[in-house]
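See structure below.
One-based numbering along the sequence shown.
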Amino acid sequence: MTNKIAMAILVFNLFITMLGTGILIPIMPEYLGLFDAGGLVYGFLLATFSFAQFALSPVAGELSDRHGRKPFIVCGLILLGISAILFAIAKNISILFIARFLMGVGAAFVIPTIMAYAADVTTIDNRGKK
């Protein structure tokens with residue numbers, strides 16, 4: 001596979017990750033109204049995702065250095081998909097928190113691994129170029 005194709009696939013995977021996690025933010029206040037939850041729960045849900053990603057990104061990066069990049073990207077995308085479905089079918093607030101935490105874990109698996117993979121397939125002479 002050429003570097004251009006590999007980079008296009010990486011960009012697409014990163015787009016899916018960012019879209020999947022970011023698309024919930026504007027609709028979440030309305031969705032939380034179904035659970036009679038307010039702004040405090042909304043803030044904690046956002047923080048749960050961020051905390052999971054912050055805490056597990058270094059771990060995922062270290063593991064992807066040892067065991068390869070592609071399995072972590074694939075597992076992270078699968079986890080993001082499952083957690084989005086779980087978020088959509090949640091019946092109570094605790095399931096929403098579990099789903100957002102799993103989304104953060106999935107993003108922690110995908111984002112740093114894609115960044116490292118992009119560095120792996122780019123030559124030193126081409127890094128930083130458009």
Side-chain angles (χ1 to χ4, degrees):
M1 187 175 344
T2 66
N3 282 348
K4 288 187 180 188
I5 294 173
M7 291 304 289
I9 292 170
L10 291 176
V11 169
F12 183 68
N13 286 333
L14 197 55
F15 174 75
I16 290 171
T17 302
M18 294 300 180
L19 180 68
T21 56
I23 202 166
L24 293 178
I25 293 172
I27 63 167
M28 204 180 312
E30 188 71 29
Y31 187 62
L32 289 175
L34 300 173
F35 297 95
D36 293 325
L40 187 64
V41 173
Y42 177 68
F44 279 129
L45 282 170
L46 293 177
T48 300
F49 173 86
S50 300
F51 174 74
Q53 187 176 6
F54 172 75
L56 294 173
S57 286
V59 175
E62 177 71 27
L63 289 173
S64 75
D65 286 342
R66 277 195 232 148
H67 303 292
R69 311 271 188 230
K70 292 177 187 175
F72 285 92
I73 294 171
V74 171
C75 289
L77 289 171
I78 290 170
L79 187 58
L80 279 166
I82 291 170
S83 60
I85 292 169
L86 183 63
F87 192 87
I89 63 171
K91 299 292 183 201
N92 58 44
I93 297 286
S94 60
I95 301 298
L96 293 178
F97 278 100
I98 291 168
R100 284 300 284 178
F101 184 82
L102 291 176
M103 282 181 195
V105 172
F109 275 42
V110 173
I111 294 171
T113 308
I114 285 179
M115 298 297 178
Y117 192 79
D120 291 345
V121 299
T122 307
T123 63
I124 293 175
D125 295 335
N126 289 331
R127 288 185 190 167
K129 288 185 179 180
K130 289 184 179 182

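- Both I93 and M103 belong to a common hydrophobic cluster when Ile, Leu, Val, Met, Phe, Trp and Tyr are linked at side-chain heavy-atom distances under 4.5 angstrom.
- Side-chain polar atoms of S64 and R69 form a donor-acceptor pair below 3.5 angstrom.
- For the residue pair I27 and I23, the shortest heavy atom distance occurs at CG1-O, 3.7 Å.
- Put simply, the side chain of F72 does not reach to within 4.5 Å of the side chain of V110, judged on heavy atoms.
- Once rounded to the nearest 0.5 Å, the distance linking CZ of F109 with CG of L80 reads 10.5 Å.
- Scanning both residues, A107 and P112, for their nearest heavy atoms gives O-CD, 3.8 Å.
- Side-chain contact between R100 and F44 is absent, with no heavy-atom pair separated by less than 4.5 Å.
- Cluster membership check: I82 does not share its hydrophobic cluster with F97, using side-chain heavy-atom separations under 4.5 Å among Ile, Leu, Val, Met, Phe, Trp and Tyr.
- Side-chain contact between N92 and I95: present, with at least one pair of heavy atoms (C-beta onward) separated by less than 4.5 Å.
- In the hydrophobic cluster analysis, where Ile, Leu, Val, Met, Phe, Trp and Tyr join through side-chain heavy atoms closer than 4.5 angstrom, I16 is grouped apart from L86.
- Residue T17 holds its OG1 atom at 4.5 Å from CG of L77, rounded to the nearest 0.5 Å.
- Distance CG/L56 to CZ/F54: 10.5 Å, rounded to 0.5 Å.
- Looking at every heavy atom in both residues, T113 comes nearest to A60 through OG1-O, 4.4 Å.
- The CZ atom of F49 sits 9.5 Å away from atom CG of L24, with the distance rounded to the nearest 0.5 Å.
- Put simply, the side chain of Y31 gets close to the backbone of A88: a donor and an acceptor are under 3.5 Å apart.
- Rounding to the nearest 0.5 Å places CG of L96 at 6.5 Å from CG of L32.
- Between I25 and Y42 the shortest heavy-atom distance is O-OH, 3.1 Å.
- Under the 4.5 Å side-chain heavy-atom criterion for ILVMFWY residues, no single connected hydrophobic cluster contains both V74 and V11.
- Residues V105 and V59 are members of one and the same hydrophobic cluster, defined by side-chain heavy-atom contacts under 4.5 angstrom among Ile, Leu, Val, Met, Phe, Trp and Tyr.
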Between F51 and F101, is the ring pair (Phe, Tyr, Trp, His ring centres under 6.0 Å) condition met? List the steps.
CA-CA 8 Å; F51 174 74; F101 184 82; 7.1 Å; no
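- In this structure, CD1 in I73 is found 8.5 Å from NZ in K70, a value given to the nearest 0.5 Å.
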Should M115 and L10 be marked as a side chain to side chain contact (heavy atoms under 4.5 Å, CB included) after you check the CA-CA gap, both sets of side-chain angles, and the distance that decides it?
CA-CA 9 Å; M115 298 297 178; L10 291 176; over 6 Å; no
